[in-house]
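The structure displayed is predicted, hence computed values, not measured ones. Indexing begins at 1, ligand by ligand and atom by atom, following the structure's order.
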Amino acid sequence: MIKKNKQFRRIVITTGEPSGIGPDIVIMSAQKKWPVELVVCADPNLLLDRAQQINLPLKLRSYHSKKIASPCMPGELSILKMLLPQKTIPGQLNVNNNNYVINTLTRASQGCLNGEFSALVTGPIHKAILNRGNIAFSGHTEFLSQINKCETTVMMLSNRKLRVALATTHIPILSVPKMITQKSLCDTISILAQGLKKYFGVSHPKIYICGLNPHSGESGYIGQEEINIIIPALNILKKNINCELIGPLSADTIFQKKYIQHADVILAMYHDQGLPVLKYSGFGQSVNITLGLPFIRTSVDHGTALELSGKGTALPDSMIMAITVAIKMLTKSSL
Ligand SMILES: NC(=O)C1=CN([C@@H]2O[C@H](COP(=O)(O)OP(=O)(O)OC[C@H]3O[C@@H](n4cnc5c(N)ncnc54)[C@H](O)[C@@H]3O)[C@@H](O)[C@H]2O)C=CC1
Ligand SMILES: NCC(=O)COP(=O)(O)O
């Protein structure tokens with residue numbers, strides 16, 4: 001009997017800010033065997049120089065979309081070549097390399113959309129240097145949503161203990177109440193429920209929802225958003241989607257075992273309501289997932305850590321987790 005050839009998948013990785021730890025943690029993650037082909041969209045010299053600086057072996061093989069995908073050996077990566085205009089010094093941001101950062105992300109996203117790649121894994125980007133160079137950039141989530149014309153996407157971070165999703169992402173705190181509407185909440189929670197079903201095998205998601213104000217508004221005496229927006233949105237959703245919605249509950253007491261143990265995800269109203277708790281429970285051990293894009297995208301839970309770049313001391317755990325979770329998600333979604 002002829003054995004059927006196993007079809008391997010390709011995952012595309014962007015290393016983010018070249019002077020940050022993105023290249024380091026990708027090279028570190030490549031030291032183990034993966035069941036997929038890892039294609040890095042980056043400058044080959046950046047990776048080879050960084051590998052030398054952190055004293056790790058690295059062999060690059062050229063990526064060709066027409067070639068059959070095959071897993072890389074430990075210490076090996078496929079390279080989708082993009083060129084940096086200026087050589088990078090670890091830890092030193094350079095505005096002249098901004099377009100490179102955006103181009104790698106755009107190319108990788110296009111490759112996911114056209115079926116070249118099964119998922120996108122991103123390394124950390126430095127948002128301020130991009131903005132300093134007049135590229136309005138608040139995060140991968142917003143950028144990928146915009147270039148893929150997605151009106152709503154959801155940022156969800158996950159570790160072994162907890163999943164936290166956000167109703168709003170990288171916006172000033174003053175804008176948060178304006179951005180939370182009945183529609184935005186209905187869209188966010190619907191995408192969250194669909195994502196949990198499609199990628200994580202949760203057939204009837206239990207979603208716990210934070211209030212916006214202290215004590216969830218204290219019956220309207222400390223803010224009206226719970227009464228005017230959150231509760232009506234949950235009432236609409238309860239009639240329309242197959243999941244359990246619990247809340248709004250006070251954000252200061254929702255993150256306790258009796259709720260967390262039953263929750264498939266906790267929806268926080270804003271970035272720093274949910275992420276400090278998630279990161280306290282496992283910084284460097286969590287993965288950031290964008291739900292609602294036309295493809296799978298995962299990322300690290302940390303930033304560019306410029307001071308560790310090129311030293312070999314950055315921890316690759318979150319990058320390893322981001323790749324692992326992307327592989328699990330694509331396996332689940334194709335079941
Ligand atoms: N996925 C992304 O693109 C993200 C990008 N950022 C960006 O990163 C830049 C720097 O942000 P910060 O707030 O300084 O956060 P950061 O995560 O870069 O650093 C915070 C602290 O954690 C440490 N740290 C971070 N990653 C580590 C790792 N893998 N191993 C060991 N230690 C690690 C750093 O040394 C520092 O002490 C900002 O421009 C921010 O916007 C931040 C979070 C995510
Ligand atoms: N705090 C999360 C973060 O900054 C990463 O966001 P994104 O770049 O994945 O949108």
Task: N or O contact, S299 vs ligand 2, cut-off under 3.5 Å - done: no
- [ ] Provide the number and element of each atom of ligand 2 under 4.0 Å from a heavy atom of H140.
- [x] 7 (P), 8 (O), 9 (O), 10 (O)
Open item on the list: Under a plain distance cut-off of 3.5 Å, with no hydrogens placed, do R163 and S286 share a side-chain donor-acceptor pair?
Closed with: no
- [ ] Specify the protein heavy atom at minimum distance from atom 10 (O) of ligand 2: its residue, its atom name, and the distance to 0.1 Å.
- [x] T141 OG1, 2.5 Å
- [ ] Run the numbers on D24 and R50 for salt bridge (Lys or Arg N to Asp or Glu O under 4.0 Å), then give the verdict.
- [x] CA-CA 7 Å; D24 312 41; R50 193 63 56 86; 2.6 Å; yes
Open item on the list: Are N213 and E218 packed together at the side-chain level, in the sense that at least one heavy-atom pair is separated by less than 4.5 angstrom?
Closed with: no
Open item on the list: With a 4.5 Å cut-off on side-chain heavy atoms, are S184 and M179 touching?
Closed with: no
Give every pair made of an N or O atom of ligand 1 and a protein N or O atom lying under 3.5 Å apart, one pair per line with both atom names and the distance to 0.1 Å, or write 'none'.
residue  : atom   : partner : partner atom : Å
ligand 1 : 3 (O)  : I125    : N            : 2.9
ligand 1 : 3 (O)  : H140    : ND1          : 3.4
ligand 1 : 8 (O)  : T304    : N            : 3.1
ligand 1 : 17 (O) : G303    : N            : 2.6
ligand 1 : 18 (O) : T304    : N            : 3.1
ligand 1 : 18 (O) : A305    : N            : 2.9
ligand 1 : 26 (N) : H302    : ND1          : 3.3
ligand 1 : 29 (N) : H302    : NE2          : 3.3
ligand 1 : 29 (N) : L315    : O            : 2.9
ligand 1 : 30 (N) : L315    : N            : 2.8
ligand 1 : 35 (O) : E307    : OE2          : 2.4
ligand 1 : 39 (O) : K127    : N            : 3.4
ligand 1 : 41 (O) : K127    : NZ           : 3.1

Open item on the list: Just to check, does H302 reach to within less than 4.0 Å of ligand 2 when the distance is taken from its heavy atoms?
Closed with: no
Task: E37-S78 side chain donor-acceptor pair, cut-off 3.5 Å - done: yes
Task: Per atom 2 (C) of ligand 2, closest listed option by heavy atom (K279, H170, E142) - done: H170
- [ ] Give the atoms of ligand 2, by number and element, whose distance to some non-hydrogen atom of L275 is under 4.0 Å.
- [x] 1 (N)
- [ ] Among all protein heavy atoms, pick the one closest to atom 5 (C) of ligand 2 and tell me residue, atom and distance.
- [x] N288 ND2, 3.6 Å
Open item on the list: At less than 4.0 angstrom from any non-hydrogen atom of K127, what atoms of ligand 2 do you find?
Closed with: 3 (C), 4 (O)
Open item on the list: I'd like to know whether the aromatic ring centres of F117 and Y63 sit less than 6.0 Å apart in this structure.
Closed with: yes
Task: Side chain to side chain, K87 and D49, heavy atoms closer than 4.5 Å - done: yes
Open item on the list: With heavy-atom distances below 4.0 Å as the criterion, list the atoms of ligand 2 near G139.
Closed with: 8 (O), 10 (O)
TODO: Compute whether any side-chain donor of one residue and acceptor of the other, for N288 and T298, lie under 3.5 angstrom apart.
DONE: no
- [ ] Look at atom 1 (N) of ligand 2 and say which protein heavy atom is nearest, naming residue and atom and giving the distance to 0.1 Å.
- [x] H271 NE2, 2.8 Å
TODO: Output, in order, the C-alpha distance, side-chain angles, deciding distance and verdict of side chain to side chain donor-acceptor pair (under 3.5 Å) for Q86 and N94.
DONE: CA-CA 8 Å; Q86 292 188 355; N94 181 349; 2.8 Å; yes
Open item on the list: Counting C-beta onward and ignoring hydrogens, is there a side-chain heavy-atom pair between Q53 and P90 closer than 4.5 Å?
Closed with: yes
Open item on the list: In the structure I gave you, are the side-chain heavy atoms of Y208 and H262 within less than 4.5 Å of one another anywhere?
Closed with: yes
